[in-house]
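Working notes for the structure below.
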Protein chains: 2
Amino acid sequence: MPKTEIFNRENVLKQATEVFHTKGYNATSMQDLVDVTGLNRSSIYNSFESKHNLYLECLKLYENKYQRIISKVLLASNSPINAIKSLFNMYLKETLSDTKTKGCLIVNCKSEMANQNMAIQNFLLNNQKGTIELLEDLIEKGQKGESINKSKSKQEYALYLFSSMQGFRMTGILVNDKDQLQGLINTTLQNLK
Amino acid sequence: MPKTEIFNRENVLKQATEVFHTKGYNATSMQDLVDVTGLNRSSIYNSFESKHNLYLECLKLYENKYQRIISKVLLASNSPINAIKSLFNMYLKETLSDTKTKGCLIVNCKSEMANQNMAIQNFLLNNQKGTIELLEDLIEKGQKGESINKSKSKQEYALYLFSSMQGFRMTGILVNDKDQLQGLINTTLQNLK
DNA sequence: TTTTATTTGAAATGGACGTTTCAAAATTAT
DNA sequence: ATAATTTTGAAACGTCCATTTCAAATAAAA
């Protein structure tokens, strides 16, 4: 019977994600991935097929990680507007704790690869769709419960928040002051009240 | 006396910018630049020193181009709030006319290189400083003339708009519907009224 | 026309790239 | 132990990378 895979697949993906996140896809070499994972080159190809496929798996793991975090945030919130506030505060916390100022892996991926690779573009479109749907649900509830104003439709506010989140992630790359970023969140959410 | 440079420097920079903008810095090869400019490899090195320096010059040209466009927009506006609206509409126009959905060169640059290269980071910080100062001036005037509300300081609204612009540029990469993007602008600016 | 300085073309530099190969080591079930 | 099957290590694959080299072509000034 076969010798079984000895390494922890998810752990390897986390290590690879850290490199891709720090350097971007194109600036990350296979040697970087060998170094950071401690795996042999051929083991990586055996287990992940190609650099591109490994990157896609990193993206999916990153997406799942945030989906889990977001679910917790939503469950812990007592109102839709507070849920949205908590989402932004979660991104604020991530931004402040990121010593390498890497920004968001998915936003960076969109910037680097959305117009170059169809598999990536489809991942991004799907991610966008899911995020906007989640925001639409929150806004609909908030508007019904009167904690979010009705001067714009749920679709309009969802796109606004989706866009604001990307702006926040980009801004956080070169603005690391907590008060400024907290102010930015407050200003962004003032629009919904 | 010497044979003089035969090519148009600014034109070469425009051609190089188009490639860098489409593929990003790391995915653009010197061969790509040779192909698109029609120049010889050694002529490029003679005139632009290195790929990295050529990229920096492209960034500066791109920055200058938008500074000129923005100046015109500001001069043509009859109020600060309309000036801001025109700025966003200018970005909307750029987004819709960009068939390759490249986004903003400077936003993409920040995503790809801000945490990797100090010369680039300094350029980006300087660009950020200039943009925010311009927005602060507009907001100050708008708040004095009562077309922009005073519930936030000019610093807070300037950072909000700066962040919103980046979000808009990112969103425009995968959302190409004019009405949706126009709605996004309206929602963003509703916050100032 | 000759001198002088520069641009040009084409080839070469050495190294890094993503990926493949394959024998040797390792591990599990018989 | 032996057989079966996979992972591993190390080297090699061919290609492309950014950059350099240098002789030949060029063009303005003397």
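So that the names make sense, note that chain A is the first sequence line, chain B the second, and so on, each numbered from 1.
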Hey, which of these two, Gly38(A) or Tyr45(B), hits DNA chain D nearer its 5' end, going by closest nucleotide?
Gly38(A)
Please state how far atom CG in Asn40(B) lies from atom C1' in dA25(D), giving the value in whole angstrom units.
12 Å
Is a salt bridge present between Glu18(A) and Lys14(A), judged by a nitrogen-to-oxygen distance below 4.0 Å?
no
Rounded to whole Å, please give me the gap between CZ in Phe48(A) and C1' in dT19(C).
16 Å
Looking at Asn108(A), is its backbone amide N or carbonyl O close enough to the side chain of Lys102(A) to form a donor-acceptor pair, meaning the two atoms are under 3.5 Å apart?
no
Quickly work out the Ile44(B) CD1 to dA18(D) C1' distance and round it to whole Å.
11 Å
Separation of dC17(C) atom P from Asn26(B) atom CG, nearest Å, is 11 Å
Given atom CD of Gln31(A) and atom C1' of dG9(D), what is their separation to the nearest angstrom?
13 Å
Roughly how far, to the nearest 0.5 Å, is CG of Leu192(B) from NZ of Lys152(B)?
12.0 Å
Protein-nucleotide distance (Phe7(B), atom CZ; dT7(C), atom P), rounded to Å
7 Å
Between Ser29(A) and dC17(C), is there a side-chain N or O to OP1/OP2 distance below 4.0 Å?
yes
Could you state the atom-to-atom distance from CG of Leu33(A) to P of dA16(C) in whole Å?
16 Å
Measure from NZ or CZ of Lys150(B) to the centre of the six-membered ring of Tyr157(B) and say whether it is under 6.0 Å with the direction within 45° of the ring axis.
no
Using the side-chain heavy atoms of Arg41(A), tell me which of these nucleotides is nearest: dG9(C), dT7(D), dT19(C).
dT19(C)
Does dT8(C) have OP1 or OP2 under 4.0 Å away from a side-chain N or O of Ser42(B)?
no
Mind checking the CD-CD spacing from Glu57(A) to Glu10(A)? Nearest 0.5 Å is all I need.
11.0 Å
Using the closest heavy atom to pick a nucleotide of DNA chain C for each, name whichever of Leu39(B) or Lys51(A) lands nearer the 5' end.
Leu39(B)
In whole Å, I'd like the distance from the CZ atom of Phe20(A) to the P atom of dG18(C).
9 Å
Among dC17(D), dT8(D), dT19(D), find the nucleotide with the atom closest to the side chain of Met30(B).
dT19(D)
Given dA18(D), dG9(C), dT7(D), identify the nucleotide with an atom nearest to the side chain of Asn46(A).
dT7(D)
